[in-house]
Every structure is written in C-alpha cells, then in structure tokens.
Peer 1: 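I'd like to ask some things about the structure below.
First listed ligand is number 1; within each ligand, the first listed atom is number 1. Heavy-atom basis, side chains included; hydrogens, waters and symmetry copies ignored.
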Amino acid sequence: MANRIVTLDEFIIKRQNDFSYATGELTGLLRDIGVAAKIVNREVNRAGLVNILGIHGAENSSGESVQKLDMYANDKLIECLSNSGECCGIASEENEDFVPLKAVASKNASYVVLFDPLDGSSNIDVNVSVGTIFSIYRRVSPETGECSLEDFLQKGVEQVAAGYVIYGTSTILVYTTGNGVNGFTLDPSIGEFCLSHRNIQIPKTGQYYSINQGYYSKFDLEMRRYIDNCSDENLRLRYIGTMVADIHRILFQGGIFLYPNTRKYPNGKLRLLYECNPMSFIVEQAGGKAIDCRLKRILDIKPQELHMRSSIVIGSPQMVDEMKAFVEKYSANPAFS
Ligand code: AHM
Ligand code: MG
C-alpha cells in the first residue's frame with residue numbers, strides 16, 4: 001500500500017507539542033510562511049512568462065540592486081505574516097530597519113520573523129535555483145507593546161524555528177523547530193507541501209566542497225591552503241551562487257560550504273541574521289556544524305546590528321572539524337604567518 005500523504009499543515013499541527021511553547025502560535029506562523037512560499041513559488045515559476053524580471057531600480061539596505069521578484073517575495077511574506085497576529089515584527093534583508101506589525105484582534109504576538117525573501121538573486125534572470133530563508137525568535141520585549149531592536153538582535157542559539165524553501169527542479173520546504181529537520185516537496189497538482197524527507201541527517205563527511213574559488217587570491221593564506229588541500233584530496237567543487245541551493249546539496253550528499261572573509265568583504269558577505277543563523281540552526285539540527293572563519297560557532301555570535309555580515313564554514317561535521325584543525329595548524333605555524 002502506498003504511504004499516506006502527510007501535508008505540511010497536518011505535520012505542523014501533529015508536531016505542535018515538540019517545541020517548548022506549545023500554544024499553537026508557532027504553528028500558525030509556520031503555516032503563514034508555507035502560504036507565502038506557495039505564492040512566491042507561483043511567481044518564480046512564471047517569472048519567465050511575465051515581464052517582471054530585471055532590476056527594480058531601488059537598492060537594498062546593503063547597497064545592492066534589488067530585483068522585482070525580491071520585492072514581490074518580501075511583500076508577500078510581510079503580508080502573510082501580518083494575517084494571523086502571531087508575529088509582532090519582521091526584519092528582512094530587503095528592509096533597512098525592522099518593521100513592527102499591527103496587532104490583530106486583541107492578540108498579543110509573541111514572535112519575530114527574520115528572512116531573506118529571495119536568496120540567490122543574481123540567479124533569477126537565468127532560471128537557476130533561488131530560495132527563501134526564515135528564522136523565528138520569541139520576542140524578549142514586553143508582549144503588550146511594539147517590538148524593539150533587541151527582539152531581533154538575539155543569538156542564533158535562541159531561534160525557536162528556522163527553515164528555507166528552494167525553488168528548484170521541484171520546490172522543497174525544509175524546517176526545524178529544534179527537534180530534527182524535515183523536508184516537504186510541493187505537489188503542484190494539489191498545491192500542498194507534502195512530507196518527503198523525514199528526519200534529515202547530514203552525512204558525517206562527503207565529497208563536495210562549495211566556495212567561490214574565483215576569489216582565491218582574496219582569501220587569507222590558511223584558507224587558500226585549505227582550498228588547495230580540498231583539491232589535492234580530489235573533492236568535487238560545486239558552486240551555484242545561491243546559498244540555499246549549495247547548502248541543500250550538502251545537507252543531503254555531504255560536504256562543506258564556505259563563504260570566507262575576502263578583501264572586499266573583511267567580515268564575510270553573508271548576513272548573520274537572514275542567512276547564516278537559520279542555515280546553521282538547520283544544519284546543526286541535522287547533525288552538522290557551522291562556524292565562522294575565526295572558528296567560532298555561528299549560533300553563539302551576538303549580533304551587533306540587523307545587517308551584520310559573517311564569514312561561514314558549514315556542513316558535514318567531520319569536514320568542518322577537519323577544516324578547523326587545518327586552519328589551527330597552519331595559523332600556528334610561523335612559516336605560514
Ligand atoms: P542575495 O541574498 O542578495 O542573493 O546574496 C547572497 C548570495 C548567496 O546566496 C550566495 O551564496 C552568495 O550571495 C554568492 O555570492 P558571490 O557571487 O560573491 O559568490
Ligand atoms: Mg541571500
């Protein structure tokens with residue numbers, strides 16, 4: 001007999017008791033995000049058909065050009081998260097400041113949601129996978145008032161849930177509430193995310209390394225040595241240029257993803273709050289590891305500002321440990337300093 005289909009909504013409700021605050025609020029929030037993901041997926045799929053591609057004209061808060069689909073995804077997420085009244089505010093890679101949301105029908109909203117609405121924006125125009133990343137925290141400010149900056153500047157270890165959606169050959173939503181990682185594939189014929197990857201475990205080691213090797217000469221010496229070593233070990237290089245897609249491969253097939261500091265980005269390029277923290281929470285929950293290039297655990301970094309950047313080394317636990325040992329050995333060797 002074929003396995004019974006379990007939809008995302010059904011799964012979230014069944015798992016409600018898995019997390020510490022089993023009030024149903026987080027359930028509502030995850031469902032809102034699922035709805036937004038379906039809407040964004042529809043637009044991503046028909047982006048080639050309608051004339052909404054190209055630069056939107058505006059710049060995001062980090063000074064990069066914003067494409068129309070990014071803004072669309074940003075707006076839809078905000079709209080969906082405003083519906084149920086569980087979210088008191090959002091922060092997005094596309095908004096300079098956080099956005100407090102209006103209270104709904106005398107509800108006290110307990111959560112804030114942070115997201116990168118469309119990760120991998122340089123890939124939109126050329127039909128290569130893009131994604132959405134989200135991160136959920138319980139607010140620390142009093143529930144009766146508006147949310148405040150301190151609600152968003154929490155360490156990654158405080159996340160109550162995180163996930164991503166990859167708009168690839170199929171659309172998959174992967175999330176964790178701190179009790180394992182599960183994946184859901186969108187069945188377009190019924191318009192539902194269906195449980196397809198139960199209790200995802202990252203392989204302990206793997207054959208892939210993923211880094212923008214074009215910046216080789218801009219990396220620190222020990223990083224260059226490490227990359228040489230990956231090549232000497234005959235690891236396979238894969239780099240899509242969409243963090244979500246590159247890490248998704250590693251989550252299933254094993255490997256290591258690195259975005260180190262470069263001369264252009266001395267603190268790394270990726271955003272701690274919208275990219276590094278949620279992906280690190282997911283990967284750790286699947287048995288992997290995530291550190292920065294100073295070899296500190298990503299989830300323990302105290303954010304200084306909303307758009308703070310970080311270097312990142314993430315993936316199979318054995319490979320992250322090996323990278324750490326490699327860098328420690330070479331930085332301790334005066335011949336290499
Ligand atoms: P984005 O969120 O504006 O799309 O930027 C983040 C992306 C990541 O998805 C990807 O890993 C990285 O930027 C690629 O950067 P680069 O082109 O420097 O390799
Ligand atoms: Mg991004």
Peer 1: Indicate whether the side chain of Asp151 and that of Ser141 have a donor and an acceptor atom separated by less than 3.5 Å.
Peer 2: yes

Peer 1: Is the backbone N or O of Arg138 less than 3.5 Å from a side-chain atom of Gln154, with the two atoms forming a donor-acceptor pair by type?
Peer 2: yes

Peer 1: Give the contacting part of Asp246 toward ligand 1: side chain, backbone, both or neither, where contact means a heavy-atom distance below 4.0 Å.
Peer 2: neither

Peer 1: Could you check whether any side-chain N or O of Arg224 sits under 3.5 Å from a backbone N or O of Ile227, counting only pairs where one atom can act as donor and the other as acceptor?
Peer 2: no

Peer 1: Purely on distance, is any nitrogen or oxygen of Arg271 under 3.5 Å from one on ligand 1?
Peer 2: no

Peer 1: Which of the atoms in ligand 1, numbered in the order shown and given with their element, are less than 4.0 Å from a heavy-atom of Tyr215?
Peer 2: 16 (P), 17 (O), 18 (O)

Peer 1: Is Lys289 reaching over with its side chain to a backbone N or O of Asp321, donor-acceptor style, under 3.5 angstrom?
Peer 2: no

Peer 1: Which of the numbered atoms in ligand 1 are below 4.0 angstrom from a heavy atom of Ser121?
Peer 2: 1 (P), 3 (O), 4 (O)

Peer 1: Would you say Gly120 and ligand 1 have an N/O pair spaced under 3.5 Å apart?
Peer 2: yes

Peer 1: Do the charged groups of Asp228 and Arg225 touch, with an N to O distance under 4.0 Å?
Peer 2: yes

Peer 1: Can you tell me if Arg198 has over 12 outside heavy atoms packed within less than 6.0 Å of its CZ?
Peer 2: no

Peer 1: Does any N or O atom in Met243 lie less than 3.5 angstrom from one in ligand 1, N or O only?
Peer 2: yes

Peer 1: Heavy atom of Tyr239 under 4.0 Å from ligand 1?
Peer 2: yes

Peer 1: Under 4.0 Å, heavy atoms only, figure out whether ligand 1 is touched by the backbone of Thr242, its side chain, both or neither.
Peer 2: backbone

Peer 1: Please check if atom CG in Asn127 has more than 12 non-hydrogen atoms from other residues, nucleotides or ligands closer than 6.0 Å.
Peer 2: no

Peer 1: Should Glu93 be counted as touching ligand 1, given the test is an N or O pair under 3.5 Å?
Peer 2: yes

Peer 1: Please identify which atoms of ligand 1 are closer than 4.0 Å to at least one heavy atom of Asp116.
Peer 2: 2 (O)

